[in-house]
Number of protein chains: 2
Amino acid sequence: MSLKIKDIAKMANVSVATVSRVLNDSDKVSLETKNKIMKIIQKYDYKPDRIATSLRRKKTGIYAVIFSVKGGKVLEDTYSTKFLKGVLNYFSSKGLKLIVDIHENGNVAEYYSNMIKSKVVDGFILLDIRKNDERVNLLNKEKFPYVVIGRNDENNFVYIDSDNVAGAYMAIKHLKQIKCKKILYISGDMGIPVSEQRLTGVKSAQKDLGVEIDVEFGDFDEEKTVEILKSILKKGFEYDGIFCASDTMAYAAMKFLKGLNIEVPIVGYDNIPLSEFVGLSTIDQNIIKIGYSAAQTVDNMAKGKETISMVVPSKLIKRQSTLSFIQKHI
Amino acid sequence: MSLKIKDIAKMANVSVATVSRVLNDSDKVSLETKNKIMKIIQKYDYKPDRIATSLRRKKTGIYAVIFSVKGGKVLEDTYSTKFLKGVLNYFSSKGLKLIVDIHENGNVAEYYSNMIKSKVVDGFILLDIRKNDERVNLLNKEKFPYVVIGRNDENNFVYIDSDNVAGAYMAIKHLKQIKCKKILYISGDMGIPVSEQRLTGVKSAQKDLGVEIDVEFGDFDEEKTVEILKSILKKGFEYDGIFCASDTMAYAAMKFLKGLNIEVPIVGYDNIPLSEFVGLSTIDQNIIKIGYSAAQTVDNMAKGKETISMVVPSKLIKRQSTLSFIQKHI
DNA sequence: CTGAAAGCGCTTACAG
DNA sequence: CTGAAAGCGCTTACAG
């Protein structure tokens, strides 16, 4: 069927060992022999069997990203796709491959354990990291290469994270710049690292910039966000700026307040497609960059190189939800 | 390091051949021996090396979906993600794996040729099929398993396609049901199979249902769609219903007409997330089902089973953009 | 610089 | 029903 290294060797009148050396850029092949072999390889467009190579080398050049299903929703947000795009940008540019899988039910540790034993992949990129994550425990024990997207309290691993602290700080700074004096921050639930980091950024901006900020907990829930606004409205709404820990909460707030003809600058977080559509100012986490860096890092790790954790900077996207207030304040 | 079949054989006092037979559910192993071996396999949670198995069996259990970059935009629409989700639903349920890759520049046929020679995957699912597609020519020549999403004129392959004809028919039927008498159909560009199929459905509904329909070509372009409406408006707008070959065109039309205070029922195609948001009635292609069926089909093909092409039915999603007109007509 | 040989971890036809 | 052996297509330590 297709050509094997043995066929090339025969045609070139050399041993398979020599062909293999040429294939792998070994220096101990004479230029003459090398050229002779190269010519034949090119003529027949010979490509080695990667499975056979993998078996010998104990490396496949394949990595994996596993999506765990949370409430049936998997791979249906732009976060996943942008992240994948970043990961693929790296791997495809290097001729490496990525296995994408979803793991629905059953033991997560068992799933990863089987993946390791099957020897198909050289490393993992972990999403949705939790506190005391069983995957981390397993992979550390097995000394198997992986990098984590995000952080938890332990950080006994290499991670690539978004700079949530700086992102939240930027949002508050922007509201301050458009002259907001009293800001409402609607946070995500505590216990989630992302929420805690964003709150830290808000507190830090409050201290540095001297703005008044009240914090409420919307828990990334749209209804809860509206409830918070309703109960504030009962006492009279005194805020001249709102920052929400997610675009979905920000949009819920925007819609609710618009219904009551209350106009107030508002900033969200995540830069989901809807936000561009409705003109919501927000923080973009540069998810593509995060994916790219994660891929690069796990690849280096699998190849035994030194690797370090990274924090990827976010970007403020200014849109109508805040920009339209600039003139009013002047 | 990790256990090999030889280790299990030694512990069970049998040959590796026998262990292999147990692993592969061979019937020619005595129940006694089988139980003895199973116990040891379970005790040590032994899993065979899939790379070694693949080398022997000439099958890896890995399939591939390659996204080709078109204008930098890849994997950033909901089509790709829903499709992937469907594909993964099948593969993950069967313990099979999926390689996702992007191919940016360079020779497409060469990319596929190298993938085949590297022996890593058992089959492909092809997206964005074109007329006289070079991938089809290559894969047919190599007799390599693959299935195509969509159709072209040749159809010298197994495909999974959306029923665009029936989808378009349903849209017109719905407009007719809400008493539209004169409908404007804004089509995609000819030469694209999807456009031609949807136009066929429109024409067929026109004939069957006896509605008056004019066709214009918006070419899936939002600006062009608005231009069409503008030039129609000059002569006076006489339509009481609009159907567009995509949600993006439908949304552009909706926004433009609303700006002029013209209210007319409108139906789009694709059911993108924005459509739910703005209440646009549309046709949902059931992309998840398409992905699932494609995965199943290529898997069957790689295993030498009979396979057939499929047309997956679409669904009408009724929303405010048409429903709000029901009372007006009564 | 080059080759013969062992071996990566499996499966399977062959023989008994 | 079971085992010894060949072989999948490579790589690499060893010897020369």
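Numbers restart at 1 for each chain; the letters A, B, ... are given by sequence-line order, proteins then strands.
- Heavy atoms of B:K6 sit nowhere under 4.0 angstrom from any nucleic acid atom.
- For the atom pair B:L84 CG and B:I125 CD1, the distance stands at 9.0 Å (nearest 0.5 Å).
- Legend: residues meeting side-chain contact (heavy atoms from CB on, under 4.5 Å) with B:S30, ordered by chain and number and at least two apart, are B:E32, B:T33.
- Between A:S2 and B:K119, the side chains place a donor N or O and an acceptor N or O closer than 3.5 Å (distance only, hydrogens not considered).
- Taking the salt bridge (Lys or Arg N to Asp or Glu O under 4.0 Å) definition, one finds that A:K289 meets it with nothing, sequence neighbours left out.
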Output side-chain donor-acceptor pairs under 3.5 Å for residues 57-67 of chain B, partner residues at least two apart or in another chain, one line each.
| from | atom 1 | to | atom 2 | distance (Å) |
| --- | --- | --- | --- | --- |
| B:R57 | NH2 | B:N24 | OD1 | 2.4 |
| B:K59 | NZ | B:A302 | O | 3.2 |
| B:T60 | OG1 | B:I62 | N | 3.1 |
| B:T60 | OG1 | B:V120 | O | 2.7 |
| B:T60 | OG1 | B:D122 | OD1 | 3.3 |
| B:Y63 | OH | B:D299 | OD1 | 2.7 |

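- If you check every strand for non-hydrogen atoms under 4.0 Å, A:S30 touches sugar and phosphate atoms only.
- Considering CD1 of A:I129 and CG of A:D161, their distance stands at 10.5 Å, rounded to 0.5 Å.
- How far CE of A:M11 is from CD1 of A:I37: 11.5 Å, rounded to the nearest 0.5 Å.
- Of the residues in residues 38-46 of chain A, not one places a heavy atom less than 4.0 Å from an atom of DNA chain C.
- Stretches of at least 3 consecutive Watson-Crick or G-U wobble pairs, with each checked distance under 3.5 Å, appear in DNA chain C as C:1-3 with D:14-16, C:5-12 with D:5-12, C:14-16 with D:1-3.
- Where B:R21 and A:K47 meet DNA chain D, the nucleotide closest to each residue was compared, and B:R21 sits on the side nearer the 5' end.
- To the nearest whole angstrom, the two P atoms, one in C:dA5 and one in C:dC1, are 23 Å apart.
- Scored by the salt bridge (Lys or Arg N to Asp or Glu O under 4.0 Å) test, B:R21 finds no partners at all (sequence neighbours excluded).
- Evaluation of the ring-ring contact (aromatic ring centres under 6.0 Å, His included) rule for A:Y292 yields A:Y90 as partners, not counting sequence neighbours.
- Qualifying side-chain contact (heavy atoms from CB on, under 4.5 Å) partners for B:N156, counting only residues two or more places apart in sequence or in other chains: B:V136, B:N140, B:E154.
- Screening residues 45-54 of chain A for side chain to side chain donor-acceptor pair (under 3.5 Å), with sequence neighbours left out, gives A:D45-B:K117.
- Nearest-nucleotide positions on DNA chain D place B:V14 closer to the 5' end than the other of B:V14 and A:V16.
- For the pair B:N155/B:V148, no side-chain contact is recorded, criterion being any heavy-atom separation below 4.5 Å from C-beta on.
- Near DNA chain D, meaning a heavy atom under 4.0 Å away, the residues from residues 50-57 of chain B are B:L55, B:R56.
- Rounded to the nearest Å, the gap between the P atom of D:dC10 and that of D:dC14 is 24 Å.
- Residue pairs meeting the ring pair (Phe, Tyr, Trp, His ring centres under 6.0 Å) criterion with at least one member in residues 130-161 of chain A, sequence neighbours excluded: A:F124-A:F144.
- Here the range on DNA chain C touched by chain A, meaning any atom under 4.0 Å from one of its heavy atoms, is C:dC1 to C:dG9.
- Residue B:K119 is classed as having no contact, given no heavy-atom separation below 4.0 Å to the nucleic acid.
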